[in-house]
Amino acid sequence: MPRKKGFTLIELLVVMAIVAMLLSLVAPRYMRQADKAKEAVLRENLSALRLALDQYYSDKGRYPERLDLLVHERYLRRLPIDPITDRNTTWQAVVLEEEGRSGIYDVKSGAQGKGIDKTAYSTW
C-alpha cells in the first residue's frame, strides 16, 4: 500500500509549540520597543512645543494665552499629538502668573502613568 504524503498531527503540534515559544520570547521585546518609541516621540513633541513657546515669547514679548495660538500664528503647522494618549487635546499648559506677565510658558504631557524610567509622564 502506498504511503500518503503529509504531516501527522504530532508533527504539526511540535511545530506550533516551537513557533509559540519563539513568539513568547520576541513579543515582550517588541512591546518594549514600541513603548520606547512612543516615549521618544513624546519627548520630541514636548521639545517642539517648548521651542515654539520660546520663539513666540521672543517675537511678541509675551507668552500665548492658548496653545492653539502657536498654530494660528504659524509657529507650528499643527499641535502635535501626545503619543501616549493619541490626542492633541491632552497637553497640560503651565501658566505663568507674575505681575505684568502671564500666559503659557511651559507644557507637560497629560498622559496618566509612568515611563520606562519610572517617572510620571506628567512631569516631563
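Numbering of residues begins at 1 and proceeds along the displayed sequence.
- Rounded to the nearest 0.5 angstrom, Ile81 CD1 and Asn45 CG are separated by 8.5 Å.
- In terms of heavy atoms, Gln92 sits closest to Ser109 at CG-O, 4.0 Å.
- Shortest non-hydrogen contact noted between Lys114 and Tyr121 is O-OH, 3.4 Å.
- Shown here are the side-chain contact (heavy atoms from CB on, under 4.5 Å) partners of Glu98, two or more places apart in sequence or in another chain: Leu96, Arg101.
- The side-chain contact (heavy atoms from CB on, under 4.5 Å) test applied to Thr89 returns Arg87, not counting sequence neighbours.
- Qualifying side-chain contact (heavy atoms from CB on, under 4.5 Å) partners for Gln55, counting only residues two or more places apart in sequence or in other chains: Leu51, Tyr75.
- The structure places CG of Leu42 at 12.0 Å from CG of Asp35, a figure rounded to the nearest 0.5 Å.
- The two residues Ile104 and Glu65 come nearest to each other via the heavy atoms CD1-O, 3.6 Å.
- Looking at every heavy atom in both residues, Leu53 comes nearest to Leu67 through CD2-CD2, 4.5 Å.
- Across all their heavy atoms, Asp82 and Gly110 have their closest contact at OD2-N, 3.7 Å.
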Residues 13-31, side-chain donor-acceptor partners within the protein, below 3.5 Å, at least two apart:
residue, atom, partner, partner atom, Å
Ser24, OG, Met21, O, 2.7

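- In Glu73, the CD atom is crowded: over 12 heavy atoms of neighbouring residues, nucleotides or ligands sit closer than 6.0 Å.
- Contacts of Asp68 classified as side-chain contact (heavy atoms from CB on, under 4.5 Å), with partners at least two apart in sequence or in another chain: Arg66.
- Within 6.0 Å of the CZ atom in Arg43, the count of heavy atoms belonging to other residues, nucleotides or ligands exceeds 12.
- Ile116 forms part of no hydrophobic cluster, judged by ILVMFWY side-chain heavy-atom separations under 4.5 Å.
- In plain terms, the two heavy atoms of Leu46 and Trp91 that are nearest each other are CD2-CZ3, 3.5 Å.
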Subject >> Step-by-step side chain to side chain contact (heavy atoms under 4.5 Å, CB included) determination, Thr123 to Lys108 >> reply: CA-CA 7 Å; Thr123 63; Lys108 307 264 186 203; 5.8 Å; no

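- When the side chains of ILVMFWY residues are joined at heavy-atom separations under 4.5 Å, either directly or via intervening members, Ile84 and Val41 end up in two distinct hydrophobic clusters.
- The structure places CG of Leu69 at 15.0 Å from OH of Tyr63, a figure rounded to the nearest 0.5 Å.
- Looking only at distances, no side-chain donor or acceptor of Arg62 sits under 3.5 Å from a matching main-chain atom of Ser102.
- Cluster membership check: Val107 shares its hydrophobic cluster with Leu79, using side-chain heavy-atom separations under 4.5 Å among Ile, Leu, Val, Met, Phe, Trp and Tyr.
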Subject >> side chain to side chain contact (heavy atoms under 4.5 Å, CB included) assessment of Trp124 paired with Asp117 >> reply: CA-CA 11 Å; Trp124 291 10; Asp117 61 355; 3.9 Å; yes

